Amino acid sequence: MQKLYYENPYIFEWEAKVVNQREKDNFYIVELSTTSFYPEGGGQPRDYGTIDGIEVVDLFEENDTICHVVNKKIEKNTVKCKIDFERRFDHMQNHTGQHLLSSIFIELYNAPTNSFHLGDDYVSIDVGLENITDEMVKRVEDRVNELIFKNIQVKSYILDYDEAKKLPLRKLPPTDFNIRIVEIDGIDYSPCCGTHVKSLGEIGMVKILKTEKYKNITRVYFKCGRRLLKDFQEKNLIINNLNKKLSVPQNEILIKVDSMQNEIKKLSKELNLQKEINSEYIAKDLIDNYDGDIITKIFEDKTFDEIQMIGNKASLLCDKIFILSSIPDKKIILTHNGKIKLNCGQIFKEVLPNFNGRGGGGSKFAQGSFEDMTDINNFIENLIEKIKKESLT
């Protein structure tokens, strides 16, 4: 089988003869006389495309032959094939970008690349360094893009094992058969079966987005070419919107955000203080205006955190049982100061399941959450009855 992606990775339309076709598991596996479809390999995903308009749903290599998986039988002997070249070129840009990036990590820091991932969402390499500083990232980026701007040639060729060993390869492949070498002219020599651009200028630019520690190495996320352009466009749109909303130039956005965060922290402290004062006032009001040993209140405008605060304040002021609920959060609490013989967590455990509730707690405090207010109201009624019965025994 003639593999066109080795000869010219820019070929995306061609004609071929159907050499063999077999059915398996309701799919058809097709062998062609010639193909430009690249199967998954070397960290690079497979190509997408069609054979006579029929989608190729999978690709795999078997005995040096590319097998094309389709869900409909191919009826013609000679077929027109087409691959998604936008996807192919994206892979070419990022795969070549990876070769260049990996070679520069070796050049500057003697750090090998242990693995490569080229996915739809992100591209990354795992580099043999425990820590990478911002200064190191900038130095690598500057060197990589300096070489891209020189538009250095990228070429590929086949060598036997002995000839390949004479080259300064980053890593020898585990084979003694003929080896395909992808060379960035005088910069990098790598055994590789993937597709690549013909010169570094086609990468456009490389940007390292972030790094993170992974075991004893560092994972480096980066983008090239069209992906990088799209990323820049999205971020530039965000920055322009922030410029307008914050009424500051780009170089002052972080200063403005820091200032706003400090103001929010200050206001949050003041708000929490006011909530504390308000909770104590509401707690006293509950005690003054409700008779009996069990005080129940459903709050239409209070969150769970607020009713918990009210419950804490109220239980410190008297020896009563408090059942408080929050309509916004559909939650309820049961609490007292510990001087009452009632295990809040135990009684919740017994009653909650009967009303589609979830929760639990300890002897002095328990909480529950519900799907709707009907269950809460029914639960409160049942809870009050059960507490009264237990107090009589």
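Throughout, residue positions are numbered sequentially from 1 according to the sequence presented. Remember, predicted model here, so these are calculated numbers, not experimental data. Side-chain atoms are counted along with the backbone in the values below, which use heavy atoms only and exclude waters and symmetry mates.
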**OP:** Start with the C-alpha distance between Glu7 and Gln2, add both sets of side-chain angles, then the distance that settles side chain to side chain donor-acceptor pair (under 3.5 Å), and finish with yes or no.
**Re:** CA-CA 9 Å; Glu7 299 172 18; Gln2 184 183 13; 3.0 Å; yes
If every non-hydrogen atom of [X] is compared with every non-hydrogen atom of [Y], which pair is closest and at what distance?
| X | Y | answer |
| --- | --- | --- |
| Asn151 | Gly201 | OD1-N, 2.8 Å |
| Glu130 | Thr218 | O-OG1, 3.4 Å |
| Leu59 | His68 | CD2-CD2, 3.5 Å |
| His95 | Phe116 | CD2-CE2, 3.8 Å |
| Ser190 | Arg170 | OG-NH2, 2.7 Å |
| Pro191 | Ile179 | CB-CG2, 3.8 Å |

Under 3.5 Å side-chain donor-acceptor pair for [X] and [Y]:
| X | Y | value |
| --- | --- | --- |
| Asn337 | Asp319 | yes |
| Thr78 | Glu15 | no |
| Glu40 | Gln44 | no |
| Asp126 | Ser115 | yes |

According to a 4.5 Å side-chain heavy-atom criterion applied to Ile, Leu, Val, Met, Phe, Trp and Tyr, with indirect links allowed, do [X] and [Y] form part of one hydrophobic cluster?
| X | Y | answer |
| --- | --- | --- |
| Val57 | Phe60 | yes |
| Ile294 | Ile380 | yes |
| Ile347 | Phe355 | yes |
| Ile29 | Val79 | no |
| Met373 | Leu352 | yes |

Side-chain heavy-atom pair [X], [Y] within 4.5 angstrom cut-off:
| X | Y | value |
| --- | --- | --- |
| Val19 | Leu32 | no |
| Met205 | Cys224 | no |
| Ile66 | Lys3 | yes |
| Asp231 | Lys235 | yes |
| Ile323 | Leu383 | yes |
| Lys313 | Glu276 | yes |
| Val123 | His117 | no |

[Y] backbone acceptor or donor facing [X] side chain under 3.5 Å:
| X | Y | value |
| --- | --- | --- |
| Asn110 | Ile106 | no |
| Ser199 | Gln153 | no |
| Ser36 | Ile11 | yes |
| Thr335 | Lys364 | yes |
| Ser268 | Ile264 | yes |
| Asn262 | Asp258 | yes |
| Glu234 | Leu237 | no |
| Asp375 | Phe370 | no |
| Ser315 | Asn312 | yes |

Test: [X] and [Y] ion pair at under 4.0 Å:
| X | Y | result |
| --- | --- | --- |
| Asp90 | Lys230 | no |
| Lys72 | Glu55 | no |
| Arg87 | Asp120 | yes |
| Glu86 | Arg226 | no |
| Asp142 | Lys138 | yes |
| Asp47 | Arg88 | yes |
| Asp372 | Lys330 | no |
| Glu163 | Lys166 | no |

Whether over 12 other heavy atoms sit under 6.0 Å from [X] [atom1]:
| X | atom1 | result |
| --- | --- | --- |
| Tyr214 | OH | no |
| Phe149 | CZ | yes |
| Glu212 | CD | yes |
| Glu300 | CD | no |
| Lys256 | NZ | no |
| Lys207 | NZ | yes |
| Asp134 | CG | no |
| Leu267 | CG | yes |

Subject >> Derivation of the side chain to side chain contact (heavy atoms under 4.5 Å, CB included) call for Glu61 and Thr65 >> reply: CA-CA 5 Å; Glu61 192 166 7; Thr65 297; over 6 Å; no
Examine [X] relative to [Y] and say whether NZ or CZ is less than 6.0 Å from the centre of the six-membered ring and inside a 45° cone about the ring axis.
| X | Y | value |
| --- | --- | --- |
| Lys331 | Phe304 | yes |
| Lys297 | Phe322 | no |
| Arg139 | Tyr109 | yes |

Indicate the ring-plane relationship of [X] and [Y], choosing parallel, tilted or perpendicular according to the 30° and 60° boundaries.
| X | Y | answer |
| --- | --- | --- |
| Phe37 | Trp14 | perpendicular |
| Phe379 | Phe348 | perpendicular |
| Tyr10 | Phe89 | tilted |

**OP:** Dump the intermediate steps for side chain to side chain contact (heavy atoms under 4.5 Å, CB included) on Lys73 and Gln21, then the final yes or no.
**Re:** CA-CA 8 Å; Lys73 187 175 181 180; Gln21 185 172 192; 3.4 Å; yes
**OP:** Take Lys320 and Asp293 through the test salt bridge (charged side-chain N to carboxylate O under 4.0 Å, His left out) and record every step on the way to the result.
**Re:** CA-CA 5 Å; Lys320 293 189 178 186; Asp293 295 327; 5.7 Å; no
